[in-house]
Amino acid sequence: MVGVASWSLPRPRRNGPPYYSKSNVIQVLEQIGVLLELKGANPFRIRSYQNASRSLSNLEEDLWIVTNEGRLTEIKGIGKGIAGLISEAMSEGKWGEIGGLYDEIPSGLIEMLAIPGLGPKKIKLFYEELGIDSIASLKVAGEDGMLQGLDRMGAKSEQKVLDGIELLKRFSGKRRLDVGLLYGEALETRIASMTGVQRAQLAGSTRRRKETIGDLDIVAAVKPEDVELVTNQILSLPGIADIKGSGSSKVSIILGTEFFDEISEEGQVDGGVLEALGGDAWEELASSTTIDAQIRLVPPHVFSFTLAYFTGSKEHNVRMRQRALDQGLRLNEFGLFPLDAIGDLKGLEAAEFSLPAIEESDIYAHLGMAWVPPELREDYGEIEAALNDKLPTLMEPIQLKGAFHNHTTASDGTASLEQMAQAAQSLGWEFLGIADHSQILQVASGLSAEELHQQKDAIKALNESWSDSGVDFRIFHGNECDILPDGTLDYDAETRGILDHVVGSVHQLPTWKKRDEDVNTEALITAIEDPTFTILGHPTGRILGGRDGFDIDLHAVLRRMGELNAEGELKIVEINASPYRLDLDWRFCRYAKEQGVPIAINPDAHSTQGLKDVWFGAQIARKGWLETTDIINCRKGSDLEQLLW
DNA sequence: GCCGTTTTCGGCCCGACTGTTTTCAGTCG
């Protein structure tokens with residue numbers, strides 16, 4: 001996940017039980033895993049905590065109910081030990097002995113984990129032998145040559161630590177999906193066109209369309225006799241900031257901005273996002289963007305196995321291996337092998353005994369499964385679905401016929417109503433929803449009630465002109481109405497009543513971030529229950545790489561929306577498609593669908609160019625298992641008139 | 001710490017690369 005969670009036990013609620021929320025518990029279990037790593041605990045014990053944390057984040061039910069009904073151990077990955085821990089924490093607000101880990105492990109050790117090439121074992125060694133407990137003291141020790149001479153530490157290892165610290169400063173955190181795709185696809189194209197490369201494809205989290213990307217993975221099919229030739233071509237690419245390593249099957253490089261000089265990044269950033277990222281931090285990021293890339297070179301006949309392997313996710317791969325083992329097969333990046341056929345052969349040497357696979361779909365077919373689209377490979381149920389022919393038919397970006405949440409010069413956009421409408425028509429859209437900011441948001445020039453009426457008249461005139469000339473296009477007049485901290489909406493009910501749709505959004509983040517999850521959830525539900533409320537805009541307010549959203553029980557919010565829809569109302573949840581947000585998170589999409597909540601993919605465009613961001617929203621919708629019928633902006637413009645007018 | 005139709009112990013996915021060694025430990029994906 002994005003952002004840096006605090007490294008202390010969360011404060012128990014005053015009015016418990018339950019003393020902790022589900023997200024509190026998920027976070028603590030995850031952090032216990034990390035703390036145990038730094039303590040040098042049994043790696044399998046560590047993984048248990050990680051698995052338990054992961055299982056809980058997939059749990060849709062209320063954790064407090066599950067705890068009280070004694071059903072915790074029914075959750076896969078939670079046994080007697082961790083169930084007891086959770087139960088005590090929720091009902092008594094105590095974390096027992098394990099909570100002591102937080103005092104035992106200095107927080108500086110946790111920060112050191114972020115240094116590339118440095119893991120828990122080395123950090124533990126430095127701490128125990130030299131008392132190093134922060135990145136700063138590690139840097140000093142390295143520069144003084146104190147690290148070499150320790151167990152298995154030489155001059156090169158010491159330099160690697162110092163390099164890692166530099167790298168961390170320059171390359172902190174993850175890249176957004178749009179940046180990853182920009183670099184990744186450019187690199188894929190260049191490598192695919194190199195002499196000796198038969199085929200090249202972007203893999204990794206970029207191919208899976210994760211909202212943020214750690215590094216780039218490219219798989220290239222190269223005959224063994226061409227490996228050296230191709231390696232040399234890669235190493236002489238323009239804009240390589242550094243070479244991290246180069247072996248017979250893998251080249252690891254760091255790309256700098258020069259790689260990218262011919263393609264300029266046209267970011268569509270609204271003022272609030274810039275503010276969230278912080279002026280200096282943003283400048284630094286924009287001017288010094290680098291990205292790690294690993295290129296795997298494999299013989300053509302193993303290409304599909306390597307592509308599948310490095311597309312991941314790790315969790316998906318583990319399940320795939322288990323599935324293979326159940327059939328007496330071993331699956332790795334070189335092939336799919338009958339266990340009795342390969343004996344002691346390993347790696348590439350075994351490849352000739354593999355079952356054949358030209359495409360990835362052949363691998364899945366050998367295991368009795370349908371091909372799983374890369375976006376779904378997260379072990380979120382896709383394995384079971386692929387085995388039972390239950391995979392969804394994912395929506396396609398081309399099916400979008402408009403979007404509901406866009407800004408004009410009336411508030412903080414850069415294009416007029418007419419310009420935005422024209423841009424939408426040139427995209428082939430049948431409708432455009434306008435939702436400028438509401439009056440309370442002065443920093444974004446929110447509209448007064450009077451201005452809102454004027455805007456309505458302007459839209460009415462435009463709609464009539466299209467209708468008169470037989471053009472299948474209309475503007476829906478909405479507003480991005482602020483949800484105030486107590487859950488009331490900006491403007492009075494009468495003013496909101498003139499609108500076709502109300503996009504309710506939270507903008508006063510500091511207030512919401514200070515509050516408990518249950519208070520926020522209640523306020524949001526109050527807002528949604530207002531009869532004029534239509535679409536929940538960027539549900540958590542997160543900025544990727546900038547800030548986490550506020551705490552909220554989205555399952556409860558979506559459940560309530562579903563109930564209201566069942567009563568005949570229309571409550572929609574937005575996937576804010578700005579690559580800076582991608583909020584609703586994909587992990588909640590399927591739940592929204594199951595609860596009967598339609599999804600709107602909204603670019604939150606502040607310019608004509610920004611409308612195209614719907615593409616990123618569509619990627620997230622796909623990742624969230626959504627089909628065309630789940631997306632309300634895949635409906636015809638004329639049908640939407642019936643719903644909104 | 002979790003798990004189990006080879007179940008209460010002995011497993012827990014697998015391999016490449018680097019730097020340190022002279023057979024391996026740590027890190028990464």
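Every chain is numbered from 1 and lettered A, B, ... according to where its sequence line falls, protein lines coming before strand lines.
- At whole-Å resolution of the value, CD in A:Glu37 and P in B:dG26 are 13 Å apart.
- Within a heavy-atom distance below 4.0 Å of DNA chain B, the residues of residues 78-87 of chain A found are A:Ile78, A:Gly79, A:Lys80, A:Gly81, A:Ile82.
- Residues meeting the salt bridge (charged side-chain N to carboxylate O under 4.0 Å, His left out) test with A:Glu104, sequence neighbours left out: A:Lys39.
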Please write out each protein N/O paired with an N/O of nucleotides 20-25 of chain B under 3.5 Å, distance rounded to 0.1 Å.
from: B:dT20; atom 1: OP1; to: A:Gly154; atom 2: N; distance (Å): 2.6
from: B:dT20; atom 1: OP1; to: A:Gly154; atom 2: O; distance (Å): 3.3
from: B:dT20; atom 1: OP1; to: A:Ser157; atom 2: N; distance (Å): 3.2
from: B:dT20; atom 1: OP1; to: A:Ser157; atom 2: OG; distance (Å): 3.0
from: B:dC24; atom 1: O2; to: A:Arg152; atom 2: NH2; distance (Å): 2.5
from: B:dA25; atom 1: O4'; to: A:Arg152; atom 2: NE; distance (Å): 3.4

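- The pairing partner recorded for B:dC12 is B:dG1, the criterion being a Watson-Crick or G-U wobble arrangement whose two distances lie under 3.5 angstrom.
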Side-chain donor/acceptor pairs under 3.5 Å, residues 355-373 of chain A, sequence neighbours excluded:
from: A:Glu359; atom 1: OE1; to: A:Arg199; atom 2: NH2; distance (Å): 2.8
from: A:Glu359; atom 1: OE2; to: A:Arg199; atom 2: NH2; distance (Å): 3.3
from: A:Glu360; atom 1: OE1; to: A:Arg207; atom 2: NH2; distance (Å): 3.0
from: A:Glu360; atom 1: OE1; to: A:Trp371; atom 2: NE1; distance (Å): 3.0
from: A:Glu360; atom 1: OE1; to: A:Arg377; atom 2: NH2; distance (Å): 2.7
from: A:Glu360; atom 1: OE2; to: A:Arg207; atom 2: NH1; distance (Å): 2.8
from: A:Glu360; atom 1: OE2; to: A:Arg377; atom 2: NH1; distance (Å): 3.1
from: A:Asp362; atom 1: OD2; to: A:Ile358; atom 2: N; distance (Å): 2.8
from: A:Asp362; atom 1: OD2; to: A:Glu359; atom 2: N; distance (Å): 2.9
from: A:Tyr364; atom 1: OH; to: A:His316; atom 2: NE2; distance (Å): 2.9
from: A:Tyr364; atom 1: OH; to: A:Arg377; atom 2: NE; distance (Å): 3.2
from: A:His366; atom 1: NE2; to: A:Pro356; atom 2: O; distance (Å): 2.7

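- In this structure, A:Trp64 has no ring-ring contact (aromatic ring centres under 6.0 Å, His included) partners at least two apart in sequence or on a different chain.
- Among residues two or more places apart in sequence or in another chain, the ring-ring contact (aromatic ring centres under 6.0 Å, His included) test is passed with A:Trp586 by A:Tyr380.
- No more than 12 heavy atoms of other residues, nucleotides or ligands sit less than 6.0 Å from atom CG of A:Asp389.
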Side chain to side chain contact (heavy atoms under 4.5 Å, CB included) between A:Ile65 and A:Arg71, intermediate numbers included: CA-CA 9 Å; A:Ile65 292 175; A:Arg71 291 189 285 116; 4.2 Å; yes
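- Checked against side chain to side chain contact (heavy atoms under 4.5 Å, CB included), A:Lys76 has no partners two or more places apart in sequence or in another chain.
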Detail all sub-3.5 Å separations between protein N/O atoms and N/O atoms belonging to nucleotides 9-13 of chain B.
from: B:dC12; atom 1: O3'; to: A:Arg47; atom 2: NH2; distance (Å): 3.2
from: B:dC13; atom 1: OP1; to: A:Arg47; atom 2: NH1; distance (Å): 2.9
from: B:dC13; atom 1: OP1; to: A:Arg47; atom 2: NH2; distance (Å): 3.0
from: B:dC13; atom 1: OP2; to: A:Arg47; atom 2: NH2; distance (Å): 3.4
from: B:dC13; atom 1: O2; to: A:Arg321; atom 2: NE; distance (Å): 2.6
from: B:dC13; atom 1: O2; to: A:Arg321; atom 2: NH2; distance (Å): 3.3

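- For residues 18-58 of chain A, the set of pairs meeting the ring pair (Phe, Tyr, Trp, His ring centres under 6.0 Å) definition, not counting sequence neighbours, comprises A:Tyr20-A:Trp95.
- Between A:Phe310 atom CZ and B:dC28 atom P the separation is 15 Å, expressed in whole Å.
- Here A:Ser246 lies in heavy-atom contact (under 4.0 Å) with sugar-phosphate atoms only.
- Remark: the backbone N or O of A:Leu202 is paired with a side-chain donor or acceptor of A:Glu188 at under 3.5 angstrom.
- Annotation: B:dG1 and B:dT8 have their C1' atoms spaced 15 Å apart (nearest Å).
- Here the P atom of nucleotide B:dG26 and the CD1 atom of A:Ile46 are 12 Å apart, to the nearest Å.
- Nearest nucleotide to the A:Ser249 side chain, out of B:dC17, B:dT27, B:dG15: B:dC17.
- Put simply, A:Asn332 has no side-chain N or O that comes within less than 4.0 Å of OP1 or OP2 on B:dC14.
- Take A:Phe310 and apply the ring-ring contact (aromatic ring centres under 6.0 Å, His included) test, not counting sequence neighbours, and it matches no residue.
- Regarding A:Leu307, its CG atom lies at a distance of 18 Å from the P atom of B:dG29, rounded to whole Å.
- A salt bridge (charged side-chain N to carboxylate O under 4.0 Å, His left out) check over residues 148-160 of chain A, counting only residues at least two apart or in different chains, returns nothing.
- Within the nucleic acid shown, A:Pro43 has no heavy atom closer than 4.0 Å to any nucleic acid atom.
- Listed in residue order, the members of residues 56-73 of chain A having a heavy atom less than 4.0 Å from DNA chain B come to none.
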